[in-house]
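Taking it in order: structure first as structure tokens, then the write-up.
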Amino acid sequence: MKYKVYNLGNFKNIPQVKKLSEEQIFDMEVVGNVLPFKSNNYVVEELINWDNLENDPIFVLTFPQKGMLKEKSYEKMANALRAGLKKSEIAKVANEIRLELNPHPNGQLEHNVPILENERLIGMQHKYEETVLFFPTQGQSCHAYCSFCFRWPQFTGMDQYKFAMKQADLLVKYLKSKPNVTDILFTGGDPMIMNAKILGKYINTILDAKIENLKTIRIGTKSLAFWPYRYLTDKDSNEILKIFQRINDAGLNLSIMAHFNHYRELETEPVKNAIKLILKTGAQIRTQSPLLNHINADPEVWKKMWKEQVNLGLIPYYFFVARDTGAQNYFKVSLEEAYKIYQEAYSNLSGICRTVRGPSMSAKPGKIQILGIIEVNGEKVFVLSFIQGRNKDWVGKPFFAKFNEKAVWLNNLKPAFNDEKFFYEKELEELLNK
Ligand SMILES: *Cc1c(COP(=O)(O)O)cnc(C)c1O
Ligand code: SF4
């Protein structure tokens, strides 16, 4: 299949969209001017069920929905469009609204940039001891955009927010200087948007450097869900698979960290074929997804998705709570509800599927998992634990927060038992001010 992009500029030409009401189309235009909007012909033709749009998870996933903006913001942009403002003026309105949407949660930009020989390595993040994140410049886009994506400022032309860097050499130097690093995670955007020549260049540089401490290369990608033809019929599909094979031949693990939000994304022939070809290279595929209202806030969806993943040879890995950014208002699910959905799905699976961990909040101090909701001496509490911590000593030690039925994120939680602070807070402040 030949890749065809749909976005704000041409979405009205999609035959299925033409059948929608004028009002529906205008809503998409309003929201699509603020939040990233990009879909493609695979998503439109093979994933979305246009006969049941109201309830279609994949439609909500890549097409802007009115409810994603607060009413005030919606009106602001709608008025700008109705008034026929100039492009630059519309962009200004869009940026004003975006800045209200917490474009960089958790101090991603300031706090996690590594330093080598007194230089800040823009395009890399190093938060947890074993794993370095790398944002290759050419991988800062995606085959389609998820409407909830916390990396969305990277796609909206706000250049000052763009993390990116070209220097694979610097990366190698950094990895060699940190003997405790075992994993590098290519991320974005979506690194699999890169062509084989560029991806191959990065991978070869890393393999040729024979970095002794490096054991695993991970690639975070939504390509299996949004464009499985990446591995089937693109010009360089074979070359991509050869690169995967090469990593395996060099004795390193390759783990594709695949992003799937709904079992629908696993049902098509192309995705099944792509998975087979990737697994044949010796790579493993692990899966992750946030929990999202309007898309997958139902234990049945997760049960079915995880079972299907395991049937196809994938390894369920993370179940995330949606971040406090972008259209979180629209997608949010309370922590209580998140725990209930997770528990209901998790408890109804065979042990083989229970490799998944969650509900997990990727917050400033680390990845915090909700282990349960219980009562201790008459006080209802959340039991929490770090899956990953800015300090590794925090990992795996249960702690307690006051139960709060409205809480949707860590910043809504207070320590239980009238404690003043969570056990990690003082140290976290010290670490961040270093
Ligand atoms: C999740 C995450 C990782 C990887 O953590 P693992 O527990 O090894 O999967 C690394 N860096 C950041 C910033 C992360 O959020
Ligand atoms: S594929 Fe990933 S990076 Fe791209 S828009 Fe979706 S969540 Fe964001």
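Just so it is clear, the structure is predicted and the values come from calculations on it, not from any experiment. Ligands are counted one by one from 1 in listed order, and the atoms in each one are counted from 1 as well.
Here's the thing with Q125: none of its N/O atoms is less than 3.5 angstrom from an N/O atom of ligand 1. Residue Y128 places no N or O, backbone or side chain, under 3.5 Å from any N or O of ligand 1. Backbone and side-chain nitrogen or oxygen atoms of Y318 are examined, and one is located within less than 3.5 angstrom of a nitrogen or oxygen of ligand 1.
At the shortest separation from atom 5 (O) of ligand 1 among protein heavy atoms lies Q388 NE2, 3.7 Å. Of the protein's non-hydrogen atoms, R218 NH1, 3.7 Å is the one closest to atom 4 (C) of ligand 1.
For F59 and W50, the distance between ring centers is under 6.0 angstrom.
For the residue pair R286 / Q284, a side-chain donor-acceptor distance below 3.5 Å is found, with atom types taken as modelled. A side-chain donor from one of S223 and Y231 sits under 3.5 Å from a side-chain acceptor of the other.
Contact atoms of ligand 2 toward C149: 3 (S), 5 (S), 7 (S), 8 (Fe) (distance under 4.0 Å to a heavy atom of the residue). The ligand atoms of ligand 2 that sit less than 4.0 angstrom from a heavy atom of C142 are 1 (S), 3 (S), 4 (Fe), 5 (S). The atoms of ligand 2 that sit less than 4.0 Å from any heavy atom of K222 are 1 (S). Which parts of ligand 2 touch Y145 is read off a 4.0 Å heavy-atom cut-off, strictly below it: atoms 5 (S). Listed by number with element, the atoms of ligand 1 under 4.0 angstrom from any heavy atom of T131 are 8 (O), 10 (C).
Only the side chain of H259 comes within 4.0 Å of ligand 2, counting heavy atoms alone; its backbone N, CA, C and O stay farther away. Contact annotation: for K367 versus ligand 1, heavy atoms closer than 4.0 Å belong to the side chain alone.
In this structure, E130 does not count as a contact residue of ligand 1, since none of its heavy atoms falls inside 4.0 Å of the ligand. Look at G189 and you'll find a heavy atom under 4.0 Å from some atom of ligand 2. At a 4.0 Å cut-off, at least one heavy atom of L133 sits close enough to ligand 1 to count as contact.
Note that CD1 of I219 and CZ of F134 are 11.5 Å apart. Values are rounded to the nearest 0.5 Å. Put simply, CG on L47 and CD1 on I58 are 5.5 Å apart, with the number rounded to the nearest 0.5 Å.
Distance alone, capped at 3.5 Å, is enough to place a donor-acceptor pair between the N213 side chain and the V181 backbone.
For F422, the side chain to side chain contact (heavy atoms under 4.5 Å, CB included) partners are F399, A401, L413, P415, Y424, E425, not counting sequence neighbours. Evaluation of the side chain to side chain contact (heavy atoms under 4.5 Å, CB included) rule for A94 yields M77, R98 as partners, not counting sequence neighbours.
For R357 and Y317, the positive end sits near the middle of the six-membered ring, less than 6.0 Å away and at most 45° from its axis. For the pair K66 and Y74, the cation sits on the ring face: its NZ or CZ lies under 6.0 Å from the ring centre, inside 45° of the axis.
Atom 4 (Fe) of ligand 2 has no N, O or S atom of C146 closer than 2.8 Å.
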